[in-house]
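The block underneath contains the structure these notes are about, expressed in C-alpha cells.
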Amino acid sequence: MTKLVPISAPHFDLQRTLDSGQVFHWLPDAAGGYQGLIGETPVRIKQTGDQLWVTPGTEVLAARYFALDHEMDAICASFPADPGLSEAATFCHGVRILRQPLWECVATFLTSAMKQVIHIRQMSLAVRQRFGRRVPGWEPLAIYPEPERLACATETELRECGLGFRAKNLLGTARSVAEGVVNLEAIRAMDDNAALAELCRLPGVGPKIANCALLFAYERLGAFPIDVWIERVLRKNYFLRKPNVTPKQLQEFAARHFGPYGGYAQQYLFHHARTEKKKVKGSSSH
DNA sequence: GGCCAGGTGGAAA
DNA sequence: TTTCCACATGGC
C-alpha cells in the first residue's frame, strides 16, 4: 500500500464526519482509515490527531472536499445561544459539511426518501457497482454513474439495486439532467431561492432533498433540510407549547433562528439526535 | 414480526 | 388552503 501524506486538519473529525449521514460510499479499511472516491479520484484517508493522511497527490482535492477551510470558530460563534444547539455542537465537534460533486449528491439524496442511513448506503453502493465505472484495485467501490448512464438504464434494473419506488424518480431525474432540462452546473450561479426551485423541477426532488443538495454540494451553508429527525428536534426544543406548528412555519423559524450557517446547526442537531437514539437503544438491549 | 426510515406528488376535503 | 394516502425495502 502506498504511503500516505499528511495535511493539517484541526477541528476536524473524519469518522464523525463520514458517519453523519451526508455521504454514503466511504468504506473502512484495514488500517483504521477509509477508502473512497472524491468524484473520480480514488483516495485513502486516515486521521491521527490534527493530521489527515491522504493518498499522495490528493492533498488539495481532499482539503477542498472535506472543507478544511471552513472557519469553525466563526461558524460556531454565529449560532444562537441555545441549550439544545450548544449541546449538539459540542457533541459534534469536528463534523464538517462536505463539498460533494453535484450529481452524485442529488442522486443519492433522491434515493433517501423514507430510508434509513444504512439503507441509503446500500442502495448507493449497489448503484455504483451495477452502473459505475470500476477503478482497478478499488473494488467493490466504483465511480457514481453519470446521468447519461442511468438515463439509459431500465426501471427494473434500478429496482434490482433495492431502490423500490425511488427507481422511477432516479430514472426520471437522470433523464432530465442528461437531456439538459435541468442544468446542475448552472444552478451554482443562482441565488438560494432560485436554486431550490430549479432543483425541485426534478422528479422526486422536493424541498427536503433540494435543501440537502444545496447544503452538501452547492456550499449553501444556510440551507436547512427538515426531515423527520429535525422536525422532532425542532418541535421538542422550540415548540412544545405549539403542537399545531406547520412545516412551513418550522422552515421559517429555522431560517430566522439559526442564521447564515443554519445548515451546520441542522447537521449537528441531526447527528446528535440520531446518535443519542442509537446509544439508548444499544444500552437497553439485554 | 411489526416499526420506522434524512419524502414526494397527487387526490380529496 | 391543508390533510391524507400510496409508494417498496430491509435492519432492528
Side-chain angles (χ1 to χ4, degrees), chain A residues 16-25 88 92 95 97-98 100 104-127 130 154-174 176 182 196-218 220 223-236 242-252 254 258 262-286:
Chain A
R16 258 184 221 156
T17 297
L18 293 181
D19 190 39
S20 69
Q22 54 177 313
V23 65
F24 304 96
H25 74 279
C92 294
V95 170
I97 305 283
L98 306 184
Q100 298 185 48
E104 72 178 60
C105 183
V106 169
T108 53
F109 274 99
L110 178 62
T111 65
S112 74
M114 296 297 294
K115 276 289 182 189
Q116 300 182 4
V117 169
I118 185 170
H119 299 136
I120 304 170
R121 270 183 81 84
Q122 290 166 355
M123 293 184 293
S124 148
L125 289 168
V127 167
R130 173 116 189 200
T154 66
E155 188 181 326
T156 305
E157 288 177 313
L158 289 169
R159 278 179 181 264
E160 285 165 4
C161 296
L163 293 181
F165 64 82
R166 303 156 196 80
K168 185 187 288 243
N169 290 333
L170 184 56
L171 184 56
T173 285
S176 290
V182 170
L196 187 76
E198 188 64 10
L199 286 166
C200 287
R201 293 177 58 213
L202 294 165
V205 177
K208 154 66 173 62
I209 290 170
N211 271 310
C212 284
L214 288 180
L215 180 59
F216 300 129
Y218 286 95
R220 309 302 169 95
F224 199 97
I226 298 182
D227 72 320
V228 292
W229 289 94
I230 290 296
E231 178 161 347
R232 274 200 295 259
V233 170
L234 293 182
R235 287 179 182 280
K236 176 166 169 285
K242 285 194 180 178
N244 295 327
V245 65
T246 66
K248 185 180 163 147
Q249 290 172 316
L250 287 175
Q251 195 80 64
E252 287 164 359
F258 294 107
Y264 257 102
Q266 180 277 158
Q267 191 62 11
Y268 290 169
L269 291 170
F270 172 80
H271 183 59
H272 180 57
R274 260 189 77 232
T275 311
E276 281 297 291
K277 173 84 180 256
K278 260 195 291 193
K279 241 178 16 188
V280 170
K281 276 173 94 173
S283 61
S284 64
S285 64
H286 58 272

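Per chain, numbering begins at 1; letters A, B, ... match sequence-line order.
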(request) Identify, between A:Val205 and A:Lys115, the residue whose nearest nucleotide on DNA chain B lies closer to the 5' end. (result) A:Lys115
(message) Check the phosphate of B:dA5 against A:Arg232, side-chain N and O only, distance under 4.0 Å to OP1 or OP2. Yes or no?
(response) yes
(request) Select base, sugar-phosphate, or nothing to describe what A:Phe216 touches, counting heavy atoms under 4.0 Å on all strands. (result) base
(request) Starting at atom CD of A:Gln251, determine the distance to atom P of B:dG7, rounded to an integer number of angstrom. (result) 14 Å
(request) Hey, which sits more toward the 5' end of DNA chain B by its nearest nucleotide, A:Asp227 or A:Pro203? (result) A:Asp227
(message) Among residues at least two apart in sequence or on other chains, which ones pass side chain to side chain contact (heavy atoms under 4.5 Å, CB included) with A:Ala167?
(response) A:Glu155, A:Leu158, A:Arg159, A:Leu163
(message) Distance check needed: C:dC7 P versus A:Glu155 CD, whole Å only.
(response) 13 Å
(message) Without decimals, in angstroms, what is the distance between A:Gln249 CD and C:dT2 C1'?
(response) 12 Å
(request) Output all residues satisfying salt bridge (charged side-chain N to carboxylate O under 4.0 Å, His left out) with A:Glu252, sequence neighbours left out; order by chain, then residue number. (result) none
(request) Look at all strands and tell whether A:Glu231 reaches a base, only sugar-phosphate, or nothing, counting heavy atoms closer than 4.0 Å. (result) nothing
(message) If you assign A:Lys248 and A:Gln122 each to the DNA chain C nucleotide with the nearest heavy atom, which residue ends up on the more 5' nucleotide?
(response) A:Lys248
(request) Check whether any side-chain heavy atom of A:Phe216 sits under 4.5 Å from a side-chain heavy atom of A:Gln267, and report yes or no. (result) yes
(request) Using heavy atoms and a sub-4.0 Å distance, could you list which residues of residues 161-170 of chain A are near DNA chain C? By number, please. (result) A:Gly162, A:Gly164, A:Phe165, A:Arg166
(request) Give a yes or no answer on whether the side chain of A:Glu231 reaches the backbone of A:Pro247 with a donor-acceptor pair at less than 3.5 Å. (result) no
(request) Could I get the full list of side chain to side chain contact (heavy atoms under 4.5 Å, CB included) partners for A:Val245, not counting sequence neighbours? (result) A:Arg235, A:Phe239, A:Gln249, A:Leu250
(request) Among the candidates B:dG7, C:dG10, C:dA8, find the nucleotide nearest to the side-chain atoms of A:Gln116. (result) C:dG10
(request) Rounded to the nearest angstrom, tell me the gap between atom NE2 in A:His119 and atom C1' in B:dG7. (result) 16 Å
(request) Starting from P on B:dT8, measure out to CG on A:Leu196 and report it in whole angstrom. (result) 10 Å
(request) Select base, sugar-phosphate, or nothing to describe what A:Ser20 touches, counting heavy atoms under 4.0 Å on all strands. (result) base
Can you list, pair by pair, the side-chain donor-acceptor contacts under 3.5 Å of residues 104-112 of chain A, counting residues two or more places apart and other chains?
residue, atom, partner, partner atom, Å
A:Glu104, OE2, A:Arg128, NH2, 3.2
A:Thr108, OG1, A:Glu104, O, 2.8
A:Thr108, OG1, A:Cys105, O, 3.3
A:Thr111, OG1, A:Thr108, O, 2.7
A:Ser112, OG, A:Phe109, O, 2.7

(message) Please enumerate all residues that pass side chain to side chain contact (heavy atoms under 4.5 Å, CB included) together with A:Gln122, with sequence neighbours excluded.
(response) A:Ile118, A:His119
(request) Nearest whole angstrom, please: distance from the C1' of B:dC4 to the CZ of A:Arg274. (result) 13 Å
(message) If you only use heavy atoms from C-beta on, which nucleotide in C:dC12, C:dA8, C:dT9 is closest to the side chain of A:Ile118?
(response) C:dC12
(message) In whole Å, I'd like the distance from the CE atom of A:Met123 to the C1' atom of C:dA8.
(response) 10 Å
(message) So A:Arg220 and A:Leu215, do their side chains get closer than 4.5 Å, heavy atoms only?
(response) no
(message) Please classify the nucleic acid contact of A:Ile230 as base, sugar-phosphate, or nothing, using heavy-atom distances under 4.0 Å.
(response) base
(message) Measure CE/A:Met114 against C1'/C:dG11 and give the value in whole Å, please.
(response) 15 Å
(message) Does A:Gly204 reach a base, just sugar-phosphate, or nothing at all? Heavy atoms under 4.0 Å.
(response) sugar-phosphate
